[in-house]
Amino acid sequence: MSDAFGRAIRDHHRGERSAPLLVRDGDDTEEHPIETFYFEPFDGEGHGEWLEAWLDGPLLDLGAGTGRHALYFQERFETVAIEPSDALVETMRERGVEDARRGDMFALPDRFERDRFQSALAIGTQMCLAGSMDGLRQFLADLAHVTTADATAVVHSYDPAVDGTEELVGYRADPTPGLAHRVMTFEYEGETSEILQFRLFGPERLREATVPTPWSVEDVIRPNRDGSYRAALAKTGQRS
């Protein structure tokens with residue numbers, strides 16, 4: 001399977017990148033900002049203070065990319081970073097992530113025992129690869145399985161109701177309020193990744209998805225002006 005995305009980022013890290021990493025939907029194309037998205041250090045300032053307040057160890061960093069957050073939090077408590085890309089796991093290890101593993105965030109009970117983690121982090125809209133409301137509910141249920149009874153989590157999505165979200169490459173509107181699609185591929189050195197199909201969930205749809213699970217949405221922030229948001233989740237009844 002092609003890993004244009006992971007290879008481009010690994011090559012960038014090693015100073016060997018020979019071409020831009022492109023995000024493509026048919027003829028609609030833009031360059032993906034690798035340095036800004038994956039290599040600017042996370043320092044805990046600004047919205048990072050909000051993020052820190054919701055996380056504790058052991059921490060599971062889902063879709064950890066280059067380990068930007070894992071490098072910071074592993075200095076504070078046990079942090080396990082997972083990625084489905086071998087190239088990104090290599091990159092994390094080369095950058096000093098102590099526990100970087102290949103893993104699928106949509107198959108957590110197959111990889112980790114019950115109650116393994118105190119908190120979880122999914123920054124990068126990977127949660128949207130759940131594909132549907134049912135898929136989102138199943139992901140939240142699986143995440144509940146591998147976290148403690150008083151666990152917390154921070155997840156990341158785009159809000160279709162916010163102006164500007166429709167400008168994303170691959171955006172597809174949906175008649176249902178709070179939902180949209182995004183269909184895109186990555187291209188690097190003439191190699192194209194598999195088609196990625198994201199389901200974008202607004203905060204109210206995320207709240208709806210938590211109803212049959214132990215999670216509740218406790219807080220939502222919008223640190224950027226791009227339609228994205230971060231939501232803090234807690235096991236029901238654990239936070240006021």
Open item on the list: Less than 3.5 Å apart, any donor N or O on the side chain of T176 or D174 sitting next to an acceptor on the other?
Closed with: yes
Task: Carboxylate-amine/guanidinium proximity below 4.0 Å for D25 and R172 - done: yes
TODO: Could you tell me whether the side chains of H13 and R95 share a donor-acceptor contact shorter than 3.5 Å?
DONE: no
Task: Test item: R102 and E83 side chains (from C-beta on) under 4.5 Å apart, heavy atoms - done: no
- [ ] Answer yes or no: does atom CD1 of I195 have more than 12 heavy-atom neighbours from other residues, nucleotides or ligands under 6.0 Å?
- [x] no
Open item on the list: Quick check for you: to the nearest 0.5 Å, what is the distance between W50 atom CH2 and L55 atom CG?
Closed with: 8.5 Å
Open item on the list: Any salt bridge linking R137 with E208? Criterion: basic side-chain nitrogen under 4.0 Å from a carboxylate oxygen.
Closed with: yes
- [ ] Verify the distance criterion only: is there a donor paired with an acceptor across the side chains of E189 and S18 at less than 3.5 Å?
- [x] yes
TODO: Using a strict 4.0 Å threshold on nitrogen-to-oxygen distance, state whether D159 and R222 make a salt bridge.
DONE: yes
Task: Electrostatic pair R10-E90, nearest N-O below 4.0 angstrom - done: yes
Task: Stepwise side chain to side chain donor-acceptor pair (under 3.5 Å) check, T185 with R24 - done: CA-CA 5 Å; T185 60; R24 182 182 296 278; 5.4 Å; no
Open item on the list: Could you check whether any side-chain heavy atom of L60 comes within less than 4.5 Å of a side-chain heavy atom of L108, counting everything from C-beta outward?
Closed with: yes
TODO: To the nearest 0.5 Å, tell me how far E94 CD sits from T66 OG1.
DONE: 11.5 Å
Open item on the list: For the residue pair Q138 / D142, report whether a side-chain donor-acceptor contact shorter than 3.5 Å exists.
Closed with: yes
Open item on the list: Looking at R111 and D104, is there a salt bridge between them, counting it only when a charged N and a carboxylate O are closer than 4.0 Å?
Closed with: no
Open item on the list: I need the E40 CD to I34 CD1 distance, nearest 0.5 Å.
Closed with: 13.0 Å
Open item on the list: If we ignore hydrogens and angles and just use 3.5 Å, is the side chain of T213 paired with the main-chain N or O of W215 as donor and acceptor?
Closed with: yes
Open item on the list: With a 6.0 Å cut-off on the ring centroids, do H12 and Y188 count as close?
Closed with: no
Task: 4.5 Å side-chain heavy-atom contact, Y229 and L206 - done: yes
Task: Salt-bridge contact R207-E204 (side-chain N to carboxylate O under 4.0 Å) - done: yes
Task: L22 vs F186 side-chain heavy atoms within contact, under 4.5 Å - done: no
- [ ] Indicate yes or no: at least one non-hydrogen side-chain atom of T147 is less than 4.5 angstrom from one of T152.
- [x] no
Open item on the list: Under 4.0 Å between a side-chain nitrogen and a carboxylate oxygen: does that hold for E98 and R93?
Closed with: no
- [ ] For residues F77 and F117, establish whether the separation of their ring centroids is below 6.0 Å.
- [x] no
Task: Any donor-acceptor N or O pair under 3.5 Å, side chains S85, D3 - done: yes
- [ ] Let me see the working for M127 and H156 under side chain to side chain contact (heavy atoms under 4.5 Å, CB included), right down to the final yes or no.
- [x] CA-CA 7 Å; M127 175 183 71; H156 178 204; over 6 Å; no
Task: Validation row: L179, R205 side chains within 4.5 angstrom (heavy atoms) - done: yes
Task: Mutual orientation of the aromatic rings belonging to Y72 and F42 [parallel < 30°, tilted 30-60°, perpendicular > 60°] - done: perpendicular
